[in-house]
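Following: one structure in structure tokens, then a few remarks.
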Amino acid sequence: MKHNKHHHLEKKLSPSREEYLKAIYKLSERTQLVRSIDIAVYLGVSKPSVHNAVATLQEEGLVIKPLGGEIQLTEEGCKQGEIITTKFQVISEFLITCCDVNERIASSDACKIEHIISNEAILALKKYLGLVQGEAL
């Protein structure tokens with residue numbers, strides 16, 4: 001198998017693959033090794049869908065899945081999962097706190113926005129939220 005260490009840094013994951021990576025990241029906070037069935041239940045998708053997504057994530061160097069074994073994030077996968085999760089949390093918090101959007105809609109919209117917003121914009125929102133929350137204290 002040809003594997004370029006930096007290959008996954010050159011190619012942006014699709015929103016769907018980012019959702020799988022985020023799910024694996026969230027599930028791995030509870031237990032380091034994640035089962036396909038857990039991902040399927042968490043996302044409400046079929047096991048074959050999980051299998052295809054995990055295969056892609058493995059090709060990208062973001063997860064390790066031995067044949068018939070549990071899924072584990074690589075160091076890069078953990079880093080990317082954390083970034084996606086942080087984007088979701090910051091956007092959701094901004095919509096709820098600053099825009100008075102209800103939690104359900106904020107969560108749904110944050111899930112869409114997290115895939116297209118830049119890291120620079122997220123850092124600016126985090127900074128803004130910190131200032132807003134700092135003034136409230």
Side-chain angles (χ1 to χ4, degrees):
M1 178 172 94
K2 194 170 117 184
H3 182 69
N4 178 349
K5 185 178 178 186
H6 300 289
H7 171 71
H8 57 273
L9 299 175
E10 299 163 7
K11 192 173 152 194
K12 175 107 171 81
L13 286 175
S14 70
S16 170
R17 296 302 180 250
E18 285 186 351
E19 282 304 306
Y20 280 95
L21 187 61
K22 185 171 74 170
I24 295 166
Y25 178 80
K26 297 293 282 177
L27 291 167
S28 70
E29 289 179 325
R30 294 181 219 151
T31 174
Q32 193 174 8
L33 299 173
V34 179
R35 300 176 312 159
S36 293
I37 188 66
D38 297 328
I39 299 166
V41 169
Y42 186 85
L43 292 174
V45 297
S46 69
K47 275 186 71 177
S49 294
V50 172
H51 175 78
N52 291 337
V54 168
T56 301
L57 293 174
Q58 190 164 356
E59 286 171 19
E60 296 293 328
L62 301 171
V63 299
I64 300 165
K65 185 187 184 303
L67 208 56
E70 282 102 0
I71 300 149
Q72 187 174 6
L73 290 169
T74 62
E75 189 177 331
E76 182 63 24
C78 193
K79 190 171 119 185
Q80 293 299 319
E82 183 178 14
I83 290 168
I84 296 163
T85 301
T86 299
K87 284 182 174 185
F88 172 81
Q89 290 167 340
V90 169
I91 296 162
S92 184
E93 184 179 339
F94 175 76
L95 292 172
I96 292 165
T97 306
C98 300
C99 304
D100 203 25
V101 174
N102 85 46
E103 206 170 314
R104 187 182 55 77
I105 292 171
S107 179
S108 174
D109 287 353
C111 199
K112 296 170 193 147
I113 296 168
E114 73 189 9
H115 303 293
I116 57 171
I117 195 166
S118 69
N119 290 346
E120 185 179 348
I122 282 296
L123 290 173
L125 279 176
K126 274 181 84 167
K127 185 176 177 183
Y128 178 78
L129 284 168
L131 292 174
V132 169
Q133 291 168 349
E135 290 173 7
L137 298 174

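Remember, predicted model here, so these are calculated numbers, not experimental data.
- A continuous path of ILVMFWY side-chain contacts below 4.5 Å connects V90 to I117, so both sit in one hydrophobic cluster.
- Residues meeting the side-chain hydrogen bond (donor to acceptor under 3.5 Å, both in side chains) test with E19, sequence neighbours left out: H115.
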Fill in: Stepwise salt bridge (charged side-chain N to carboxylate O under 4.0 Å, His left out) test for K22 and E114
CA-CA 11 Å; K22 185 171 74 170; E114 73 189 9; 3.0 Å; yes
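- Every residue two or more places apart in sequence or in another chain that forms a side-chain hydrogen bond (donor to acceptor under 3.5 Å, both in side chains) with N119 is listed here: K87.
- Two different hydrophobic clusters hold L123 and Y128 under the rule that ILVMFWY side chains link at heavy-atom gaps under 4.5 Å.
- L62 is not listed as a side-chain neighbour of I24, based on a closest heavy-atom distance of 4.5 Å or more.
- A search for side-chain contact (heavy atoms from CB on, under 4.5 Å) contacts involving A106 returns S92, L95, I96, V101, not counting sequence neighbours.
- Applying the side-chain contact (heavy atoms from CB on, under 4.5 Å) criterion to S36, with sequence neighbours excluded, gives K47, V50, K65, I71.
- The two residues L21 and G77 have their closest heavy-atom pair at CD1-O, 3.9 Å.
- Linking ILVMFWY residues whenever their side-chain heavy atoms come closer than 4.5 Å, directly or via other members, places L27 and I84 in the same cluster.
- Under 3.5 Å, the side chains of E93 and Q89 contain no donor-acceptor pair of N or O atoms.
- Taken to the nearest 0.5 Å, the CD atom of Q72 stands 9.5 Å off from the OG1 atom of T31.
- The two residues G61 and T74 have their closest heavy-atom pair at O-OG1, 2.7 Å.
- Connection of I39 to L57 is established within a shared hydrophobic cluster, with ILVMFWY side chains joined at heavy-atom distances below 4.5 Å, either directly or through further cluster members.
- One hydrophobic cluster, built from ILVMFWY side chains closer than 4.5 Å, holds both L43 and V54.
- Here the closest non-hydrogen pair linking C98 and L129 is SG-CD2, 3.8 Å.
- Listed by first then second residue, pairs satisfying salt bridge (charged side-chain N to carboxylate O under 4.0 Å, His left out) with a partner in residues 31-43 read R35-D38, not counting sequence neighbours.
- Within a 6.0 Å radius of CG in D100, no more than 12 heavy atoms belonging to other residues, nucleotides or ligands are found.
- By the side-chain hydrogen bond (donor to acceptor under 3.5 Å, both in side chains) test, T86 is found to be paired with no residue, residues two or more places apart in sequence or in another chain being considered.
- At a threshold of 4.5 Å between non-hydrogen side-chain atoms, the residues V45 and Y20 count as touching.
- Remark: S46 pairs with S49 by the side-chain hydrogen bond (donor to acceptor under 3.5 Å, both in side chains) rule, at least two apart or across chains.
- In this structure S108 satisfies the side-chain contact (heavy atoms from CB on, under 4.5 Å) test together with K112, sequence neighbours excluded.
- Residues satisfying the side-chain contact (heavy atoms from CB on, under 4.5 Å) test with E29, not counting sequence neighbours, are Y25, K26.
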